[in-house]
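Data first, discussion second: the structure below is written as structure tokens.
Protein chains get the first letters and strands the later ones, always in sequence-line order, with residue 1 at the start of each.
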Amino acid sequence: MDVSPILDSLNDAQRSAVTEPEGSALILAGAGSGKTRVLVRRIAWLCCVKSISPYSILAVTFTNKAAGGMRERIEALLEMSMVGMWVGTFHAICHRILRTHYKEASLPAAFQILDANDQYRLIKKIMKALDIDEDKWSSKTAQWYINVKKEEGLGPEDIKTNKDETERQLLRIYTQYEEACKKSGLVDFAGLLLKTLMLLKENEHILSKYQDRFQYILVDEFQDTNALQYKWLCLLSNQHVPVFAVGDDDQSIYRWRGAKIENIHNFSKDFENVKTYKLEQNYRSTGNILTAANNLITNNKERLSKNLWTEGDEGEPIYLFSAFNEQEEARFISEKIHEWVSHGNRRDEIAILYRSNAQSRTFEEVFISTQIPYRVYGGLRFFERAEIKDALAYMRLCYNYKDDSSFERIINLPTRGIGEKTLSLVRNCAQKRNISLWEATILLLEDNQLTSRSRQALNVFLKLIGSLSADIKSFELSEQIDHVINKSGLKNYHGKEKGEVALSRVENLEELVNAAKTFSIDEENYGDMSETDAFLAHAVLESGEGQGKQWEDCVQLMTLHSAKGLEFPTVFLTGMEEGLFPTEHSLSEPNGIEEERRLCYVGITRAKQRLFLSHAETRRRYGSDMYNSPSRFINEVPTDLILEVRPQAHIKHKLYRSTEIGHTGDDGVLQVGQRVDHEKFGSGIVIECEGQGSSARVHVNFEATGSKWLVVSFANLKVL
DNA sequence: GTGTAGGTGGTTTTT
DNA sequence: CCACCTACAC
């Protein structure tokens, strides 16, 4: 057969990887080296040349978006349907397996998935019930602890009771939390993975079913897999199914979330017959951009060596803009965008990247006033909105009365006179008898111990859910949701509120009905689930876009993390300041700086043609002015690549100002960060140094009087 | 049960 | 500084 479309325009390394005959392979694919292309062609190669049925292939990706894109690209390349091939995130795949074997996994058929937010709420509730002081052991820590333990593959019963008081408390919470999840038929994200792993370990016939089925396993973004996912891969591959793992250790930016880079190192040891391929030719960026990225990343000690190169031109220099404050930084970028657009270019070819979400604000303000359409990525997504989750909680409760988390969410929403007092009676009863809140409510009503008022209210609620759940069983999915949001009073409740927000809530609820209408059950991910089950799972696993409406040509604003995997002709890498990027936090973490540097590397390599780095001398943060020196990462880009742009030079600054200059009268060394004392202005901190000898000046931020430039030879500063 | 004053904390994020 | 949460007063 003609394999040319599959091997067409691949370079040698890519071709070797795609046609790897036997065994597992580790593809170290640098940024822009055609990683996705290799994955897609590999699958095409397996199907067409090796005549492997799509049914025998499992491809795992990091996001749902990537999964969809991959299937599409293969189908486009081969002009055939890939029905039967499993492509999805670890979570989606585990979810599917658990649905199929819910009995063996000791889960109810109607088990629901708990998202991070629900998980947090549940943990808080449990801590309150256990009477654990939140000031001493924060609920955030507890959540972190639970997820870390799960990712290590440890259930509460696997952890030995420690003498350490903190750990004992955390374990108590973990135990209770698992109990609560089990009782309500809820599984959190890490739980999907852990439960699947247990299921496969404990049920030989199920494990061999999947081991026999999947003859080839492919993993994208391998550097971002965590310990649990790795174990899962080992188990499924059973040492002999070839695993094709594609990743880039230099782009590992999720270690803080449990991603284990060691997986890349261990891969060759744990799997048989592993060949390693390096994809180092970059097809994305100009020579200068690549040189900048390469130079930056060589400052990391802990990495597999790899050097990107391109056949392309050097291209434009790396532009650097030093702004006085964050406003000016945004204004400068706004001007550049106007310039760009007036030359007939598109705004969506421009990305503005920043370290933290809060930084988008200044850009938004300036873009509104200078009339630049923009789109901010990230933030609250559709299925994460409170009103949507409320509506879905009704649905979930209708299908599973034991879902306590949903029960609590909507018992008094809209308000129906069931307050804290009644609710705590229900909670107590449920806890004492180890039954669900729903069952406890029924018991309490029979017991006749409640005030007539709360009995009335609880009765109304039970009746409502009862009749809703009876009504909707015969309806289409979208009709079910429409029915629920109307009959529950949810829509009316938000309709009566005033203001923009309320209006958008009603619109969102209507949009939910719409989403249900257009939801087509994707056989591959949801198998033989009912449409409703599939939709509810879909809502949690794939929480949707933050802001719809992509039709307008918009400048793209996003964090460095969310830029991973994307590329843009022009990239503005903003807020390049010590304390911001790298973050203050990272300085005290063991390998914090290296992760920040990888993040910077990701940022730089997003750019195809033009890269702007910018930093601000002062930045308003948490209400007070911060004076940050330029990020060390700027200095790690070779000076000769950089062109400083300064359209409105107010003061002449040195680009690379030394951090140490001259001497004070009492012969102390003056350097950035040094505390000094001045006769008149009092004490302050040196935030900048400039010049040499008698013309040397320092910028000092005085506690009492604010910041001032002082000539060192006159100021008579005392080093403190 | 709703509204508002006071306190607090505040990277990155997909599933 | 601002968004979010909690606690209390209507």
(request) Have a look at A/Arg598 and say if it touches a base, only the backbone sugar-phosphate, or nothing, with a 4.0 Å heavy-atom cut-off. (result) nothing
(message) For A/Asn412 and A/Leu599, find the nucleotide of DNA chain B closest to each by heavy atoms; which residue's nucleotide sits nearer the 5' end?
(response) A/Asn412
(request) Please report, rounded to the nearest Å, how far the P atom of C/dT6 is from the NZ atom of A/Lys128. (result) 6 Å
(message) Parallel, tilted or perpendicular, judged at 30° and 60°: which one describes the rings of A/Tyr210 and A/Trp86?
(response) tilted
(message) Say we look at B/dT13 and C/dC4: how far apart would their P atoms be, to the nearest angstrom?
(response) 16 Å
(message) What's A/Thr583 touching, base or sugar-phosphate or nothing? Going by heavy atoms closer than 4.0 Å.
(response) base
(message) Parallel, tilted or perpendicular: which one describes the rings of A/Phe407 and A/Phe461, with boundaries at 30° and 60°?
(response) perpendicular
(message) At 4.0 Å (heavy atoms only), tell me whether A/Ala116 reaches a base, stays on the sugar-phosphate, or touches nothing.
(response) base
(request) Could you tell me how the ring of A/Phe581 sits relative to the ring of A/Phe633: parallel (under 30°), tilted (30 to 60°) or perpendicular (over 60°)? (result) perpendicular
(message) Please determine whether the number of non-hydrogen atoms from other residues, nucleotides or ligands lying under 6.0 Å from atom NZ of A/Lys125 exceeds 12.
(response) yes
(request) To the nearest Å, give me how far apart CD (A/Gln359) and P (C/dC2) are. (result) 16 Å
(message) Under 4.0 Å, heavy atoms only, any strand: does A/Asn357 hit a base, just the sugar-phosphate, or nothing?
(response) sugar-phosphate
(message) At 4.0 Å (heavy atoms only), tell me whether A/Leu228 reaches a base, stays on the sugar-phosphate, or touches nothing.
(response) nothing
(request) Only counting residues at least two apart or in another chain, list the ones meeting salt bridge (Lys or Arg N to Asp or Glu O under 4.0 Å) with A/Glu326. (result) none
(message) Which residue is it: A/Glu617, A/His615, A/Glu577, A/Arg619? I am looking for the one with a side-chain hydrogen bond (donor to acceptor under 3.5 Å, both in side chains) to A/Asn628.
(response) A/Glu577
(message) Below 4.0 Å from chain A heavy atoms, what is the first contacting nucleotide of DNA chain B and what is the last?
(response) B/dG1 to B/dT15
(request) Describe, in one word, how the ring planes of A/Phe367 and A/Phe363 are oriented to each other, choosing from parallel (under 30°), tilted (30 to 60°) and perpendicular (over 60°). (result) tilted
(message) Using atom P in both nucleotides, what's the gap between C/dC5 and B/dT12 to the nearest angstrom?
(response) 16 Å
(request) Could you say whether A/Arg416 or A/Thr63 is positioned toward the 5' end of DNA chain B, judged by the nucleotide with the nearest heavy atom to each? (result) A/Arg416
(request) Check every strand shown and say whether A/Gln119 touches a base, only sugar-phosphate, or nothing at a heavy-atom separation below 4.0 Å. (result) nothing
(request) Establish, with yes or no, whether the OP1 or OP2 oxygen of C/dT6 is under 4.0 angstrom from a side-chain nitrogen or oxygen of A/Lys124. (result) yes
(request) For A/Phe90, answer base if it contacts any base atom (sugar-phosphate contacts may also be present), sugar-phosphate if it contacts only those atoms, and nothing otherwise; contact means non-hydrogen atoms under 4.0 Å. (result) nothing
